[in-house]
J.: 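Here's a structure for you.
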Amino acid sequence: MTEREEQTKSPVKEKWRWKLDPYLLVILLLALFLYGWNIWKADSANSFYTAAITSMTQSFKNFWYASFDPAGYITVDKPPVALWFMAISAKIFGVHGWSVVLPSVLFGLGSVYLMYRLIQPYFGKLAGRLAALAMTLTPIVVADSRTNNMDATLIFFLLLALLLLEKAVVSNKAWWVMASFALVGIAFNVKMLQAFMILPAMYLFYWVAAQEKWSQKIKKLALGTSVLVVFTLAWPLSVDLTNSSSRPYVGGSENNSVLELAFDYNGSERLLGQSTGTGGSFGQGMNGNKKRQAPSGNKKRSRPTKIQNGVKAGKQPSKAMKGMGGQKGGPGGPGNQKCKAGGGGGAFAIGTAGPLRIFQSDLGPQIAWLLPFALFGLVGGFVYYHDKNRKWYYLSQQQKQMLLWTGWLVPVYGFFSIASFFHPYYMIMLAPAVTALFGIGGYVMIQMNRTLTRTDWKFYLLPLAILTSAGLQAWYVYSYYPWLTYILLALGLGFASALVLVHDHLTKKLAVTGGIVSIMLSPGWWSLTPTLAAESSAIPTAGPDLLSNGANGGPGGMSDSNVNTQLLKYLEKHQGNAKYLMGTNDSNSAAPYIIKSGKAVMALGGYNGTDEALSLKQFKHLVKTGQIKYFYISGKTASASSGQIGKIIQWIKKNGNKVSANKYGGTSNTTTNTTKNRTGVAGNGSQMGQGPGSNGKQMTPNTKQQGTPPTGMQQGQKPTKKPAKPSSQTGKTKAAQGNMKTGGRNMGGMQSGVLYDLSSIY
């Protein structure tokens, strides 16, 4: 009996038996190395979340609400489930870069195992191994699994939900369906609506795969949906129904509501473009002229003109911005200098919306290396597993499984093809579907090429898949290694030709192995770069520019490079009984001081410096009662802020006493660690590496700061030197990337500013 017949005829329950696969063990060890090696150099990783983790370890209230600061003033702009795991790790091991990243490493490793468990029972060991290996060597999976962002955690819970749904189909028991959908509800509380992107696939799969009456399917899916709603809303409602005076303000929301945050900022704006709460234009669909109303007002915030791909709506982007169409010589080549939508750099370099966006140079090198092969495999799999003795619309067991992964791929691919506001590292959402279809397609196309004759069109699917993948990969690597382009093309053409022309079994087997290995080499190297560079950044990415720019983290855990130690010592000496060590304009300015001291630092306007979390009257009360004595203002947030935040800043300037700079280090002792901390920007700005109070706008010419500003950092500014070799990820030069890593959520060091003493006002 052939392997195909065994897959089709063996009892379904047999498929849930588990035996140790030594090849899987090797793949898991490889994944552990890629995801975990050098995480002890993780520095503060994403300092926005690390500050929250620091706060969450100090009290259960902070833990439950995911409070950004130890005083429980404001939360981060995401739900807490992923942070809970990180906070538990930090509570056990202490707050270190590696301890907050460790859960992501383990969840990434778990996702590789789950890929094998989802594929192997239905398509055999070879397919399972290929899928697990492809998952391991997907560049953005490696990068995401090495940081304390939520994405690796999200993928693990979604894959676990599918595993339980498979169990529900096998057992016909309702509680497995309920458990599966419950996990999606938990995943919602990892990263909100992003988790719901696989729901269409789950509903469709259970409907076509479950062997029971349609009435039973409706009943079980209704139960699953009910559980989904309960687990989705349990935490958001517990927050929204709590009196606002008894909990932190919901960071990133307009109305201090988790549900509003989920469906607006983390929901519709991801598709249509961000138009709220930016304080600076730093990505597609964002506008720096946004003005926010005080929470006590009834007026809606004005919606600015949306920016799509760096230009206003209704205007056509320039050739330099058209991704694949406007490039010369490969991704990131001379013809691919992106227009800056607010100077966000790679953080919002997401290409031009359209059906080929995922293949473009901004996103493709993170996810699309094996996508052509997977698409050929999708066609081959449906054809290979079709039962010729049944009607064309009858789906075999394997075709139903493929329908599940197709149902994951199509909506997610479609969303990212048209969405206006997301980061490139969100491409991890495509990884499970791509790698599953790669594994399945690899197996079936090998079988068809081995058993069919040249007169059958299916015989050519494997050679075409290898040749097409090699061609795309050659284009991706051209900007970095032009010589490798020709080698990849030669290998692809050579192995594809051998698969077509040779008859000898051994030679064909070698050609198959060589072809698969050749298209795994480039993504494998891209995946290795974050590990070699000790990358653990706020905006995860993979690529050779990481190696040329040096590692992100400093040796031995947390780094003090983003903290003005003289300022910190001054504040600790004079804090007295004040609740807050100091106040700052935004979360990015406050984060390093929370991490370093473990004390409460007020991020007045939240992450972007624009959250209306506090009124002027409330702030005056804090000052009058001695709860906050110092406030540090820097950058242009003071002049850019409006509403209550603007009033507070102006009141501080008018009434506070300026502290002499020589008492706390001042301008001469500030740090701008933009080269070492490549993830960093304090505030979300056109100029990377801004410090406390940065609002994302270009600094004035007379603004003082330590060190030499990086070239090419400001909007409209032209570099004075010949640009270095461009990068395929961002379209910017490697030299520029070394100084301004992508507008991420990390502190870039203190900019010149003014420390105000508020204690003598009353």
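Keep in mind that this is a model prediction, so the values were computed, not measured.
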J.: Pairs under 3.5 angstrom only: tabulate donor-acceptor contacts from the side chains of residues 26-35 to other protein residues two or more places apart or in another chain.
T.:
none

J.: Under the side-chain contact (heavy atoms from CB on, under 4.5 Å) rule, collect the residues that match up with S587, sequence neighbours excluded.
T.: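 Partners of S587 by the side-chain contact (heavy atoms from CB on, under 4.5 Å) criterion, ordered by chain and then number, come out as F48, F68, A603, Y607.
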J.: The criterion is side-chain hydrogen bond (donor to acceptor under 3.5 Å, both in side chains); which residues satisfy it with T242, sequence neighbours excluded?
T.: none
J.: Answer with yes or no whether the side chains of N148 and T50 bring together a donor and an acceptor at under 3.5 Å.
T.: yes
J.: Sequence neighbours left out, what pairs pass ring-ring contact (aromatic ring centres under 6.0 Å, His included) with at least one residue falling in residues 200-222?
T.: F181-Y203
J.: Mind jotting down which residue pairs meet the salt bridge (charged side-chain N to carboxylate O under 4.0 Å, His left out) criterion with at least one end in residues 407-434? Sequence neighbours excluded, please.
T.: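 Applying salt bridge (charged side-chain N to carboxylate O under 4.0 Å, His left out) to every pair that reaches into residues 407-434, excluding sequence neighbours, yields nothing.
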J.: Sequence neighbours left out, what passes salt bridge (charged side-chain N to carboxylate O under 4.0 Å, His left out) with D69? Give chain and number order.
T.: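 With sequence neighbours excluded, D69 shows a salt bridge (charged side-chain N to carboxylate O under 4.0 Å, His left out) to no residue whatsoever.
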J.: Under 3.5 Å, is there a donor-acceptor pair between the S59 and N62 side chains?
T.: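 N62 and S59 do have a side-chain donor-acceptor pair below 3.5 Å.
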J.: List the residues meeting salt bridge (charged side-chain N to carboxylate O under 4.0 Å, His left out) with R247, not counting sequence neighbours, and say none if there are none.
T.: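 Salt bridge (charged side-chain N to carboxylate O under 4.0 Å, His left out) check on R247 returns nothing, list empty.
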J.: Return the set of residues passing side-chain contact (heavy atoms from CB on, under 4.5 Å) with V230 (not counting sequence neighbours), or none when no residue passes.
T.: none
J.: Would you say the ring centers of Y73 and Y249 fall short of 6.0 Å from each other?
T.: no
J.: Taking distance alone, no hydrogens or angles, what donor-acceptor pairs closer than 3.5 Å link side-chain atoms of residues 84-95 to residues at least two apart or in another chain?
T.:
| residue | atom | partner | partner atom | Å |
| --- | --- | --- | --- | --- |
| W84 | NE1 | F63 | O | 2.6 |
| S89 | OG | S99 | O | 2.6 |
| K91 | NZ | T57 | O | 2.9 |

J.: Mind checking what makes salt bridge (charged side-chain N to carboxylate O under 4.0 Å, His left out) contact with K220, not counting sequence neighbours?
T.: E212
J.: With sequence neighbours left out, which residue pairs that include part of residues 173-191 fulfil the salt bridge (charged side-chain N to carboxylate O under 4.0 Å, His left out) condition?
T.: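 Sorted pair list: D151-K191.
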J.: Taking the side chain as every heavy atom from C-beta outward, state whether I358 and M427 have any atom pair closer than 4.5 Å.
T.: yes
J.: Hey, could you give me each pair passing salt bridge (charged side-chain N to carboxylate O under 4.0 Å, His left out) that has a residue in residues 408-437? Not counting sequence neighbours.
T.: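 Every pair satisfying salt bridge (charged side-chain N to carboxylate O under 4.0 Å, His left out) with a residue in residues 408-437: there are none.
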